[in-house]
Number of protein chains: 2
Amino acid sequence: MSVEARRDVFQAIADPTRRQIINLIAYQSMNLNAIAENFSISRPAVSQHIKILMECGIVLVRQEGRERYCEAKLDTLKEVSNWVDQYRQFWNTQFDSLDHYLNRIQNNNQSDQ
Amino acid sequence: MSVEARRDVFQAIADPTRRQIINLIAYQSMNLNAIAENFSISRPAVSQHIKILMECGIVLVRQEGRERYCEAKLDTLKEVSNWVDQYRQFWNTQFDSLDHYLNRIQNNNQSDQ
DNA sequence: ATTATATGTAAGCAAATACTTACGCAAATT
DNA sequence: AATTTGCGTAAGTATTTGCTTACATATAAT
């Protein structure tokens with residue numbers, strides 16, 4: 001976390017702690033200490049996770065006095081949703097691309113699994 | 001990649017190369033060399049990515065002679081889809097959780113919808 | 001039988017990741 | 001004014017990641 005990396009929403013949600021943070025603040029904004037209370041890791045660790053979530057736009061932080069309220073901007077997850085959705089047809093239909101392919105190149109009978 | 005890690009679909013799709021591999025084989029099964037041809041990284045590097053995708057069930061490999069055909073099992077992505085979908089209401093409605101929260105604890109007039 | 005092809009895997013490495021503790025600072029409280 | 005609270009950030013570290021090259025092995029082609 002030393003060098004600044006170009007954050008990506010896919011990478012941001014890869015970490016289970018960050019997904020938990022997202023879940024925690026999805027329903028209600030919380031300040032950083034309140035978030036950190038829900039985890040066994042240290043407050044700075046949570047702070048760093050929040051920073052990553054900010055950098056890819058999932059979390060928006062608004063300062064209120066000395067507190068910083070973390071708000072989830074979940075429309076950022078649209079990018080993930082859109083990516084997954086393009087493959088929805090592949091699990092909705094029973095289309096088996098390998099079987100399809102193999103049937104094309106060889107007409108031998110294949111045992112069902 | 002030395003020690004075996006407990007693979008997770010969120011972590012698997014975090015890597016852009018792996019997302020490209022998924023996209024490549026979603027429409028047609030391909031053997032490993034054919035996949036590797038589409039990338040500038042080495043064949044072993046692709047092999048390792050495939051291994052990760054296998055370990056979390058996104059890719060299924062079937063041996064055909066000396067070739068290994070990689071088939072995408074995209075229903076594994078349901079897990080991602082389900083996770084994202086639980087937050088869909090938060091970007092479909094105009095609900096601003098921070099404003100909501102602040103209005104509750106500071107003022108008493110909640111005139112918004 | 002020899003060679004070419006398709007692939008896995010090990011070893012090594014630089015960079016990234018996820019944490020920790022220590023510290024600093026501004027805002028609130030006393 | 002002094003202290004407490006909320007937080008960022010730096011430095012250090014162990015582990016993981018993503019890659020490379022080198023090598024091993026099984027199958028296919030010659």
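Reckoned from all heavy atoms, side chains included, excluding hydrogens, waters and symmetry mates.
For A:Ile35 and D:dG6, the CD1 to P distance is 13 Å, given to the nearest whole Å. Note: CD (A:Glu67) to C1' (C:dA26) measures 13 Å, nearest angstrom. Rounded to a whole Å, the CD atom of B:Gln20 is 13 Å from the P atom of D:dG18. Atoms CD (B:Glu64) and P (C:dT7) sit 12 Å apart, rounded to a whole Å.
Inter-residue side-chain proximity for B:Glu71 and B:Lys73 is flagged as met; some heavy-atom pair is nearer than 4.5 Å.
For B:Asn31, no side-chain nitrogen or oxygen approaches OP1 or OP2 of C:dA6 to under 4.0 Å. Contact annotation: B:Ser47 side-chain N/O to C:dG8 OP1/OP2 distance is under 4.0 Å. Dashed line: the shortest gap from a side-chain N or O of A:Arg18 to OP1 or OP2 of C:dA18 is under 4.0 Å. Regarding contacts with the backbone of D:dT20, every side-chain N or O of B:Arg43 stays at 4.0 angstrom or more from both OP1 and OP2. Note on B:Ser42: a side-chain N or O is less than 4.0 Å away from OP1 or OP2 of D:dT20. B:Gln11 has a side-chain polar atom (N or O) that falls below the 4.0 Å cut-off from OP1 or OP2 of D:dT17. Within the 4.0 Å cut-off from OP1 or OP2 of C:dC19, at least one side-chain nitrogen or oxygen of A:His49 is found. At C:dT5, none of the side-chain N or O atoms of B:Asn33 fall inside 4.0 Å of OP1 or OP2 (strictly under the cut-off).
Although no hydrogens or angles enter the test, the distance criterion places a donor-acceptor pair under 3.5 Å between the side chain of B:Arg19 and the main chain of B:Ala14. The main-chain N or O of B:Ile25 is never found under 3.5 Å from a side-chain atom of B:Gln28 such that the two would form a donor-acceptor pair. A:Ser29 places no side-chain N or O within 3.5 Å of a backbone atom of A:Tyr69 that could act as its donor or acceptor partner.
Evaluation of atom-type donor-acceptor distances gives a pair under 3.5 Å for the side chain of A:Arg66 against the base of D:dT5. For A:Gln48 and C:dT20, a side-chain-to-base donor-acceptor distance below 3.5 Å is present, hydrogens and geometry of angles not being considered.
Looking at which nucleotide of DNA chain C each of B:Met54 and A:Ala45 is closest to, the 5′-most match is held by B:Met54. The nearest heavy atom of DNA chain C to B:Arg68 and to A:Ala14 marks one nucleotide each, and the one closer to the 5' end goes with B:Arg68.
Of the candidate nucleotides C:dT7, D:dT21, C:dA22, C:dT7 has the atom nearest to the side chain of B:Leu32. Set against D:dT20, D:dT9, D:dC7, the side chain of A:Lys51 has D:dT9 as its closest nucleotide.
Taking the six-membered ring for Trp and thresholds of 30 and 60 degrees, B:Phe90 and B:Tyr87 have ring planes inclined between 30 and 60 degrees apart.
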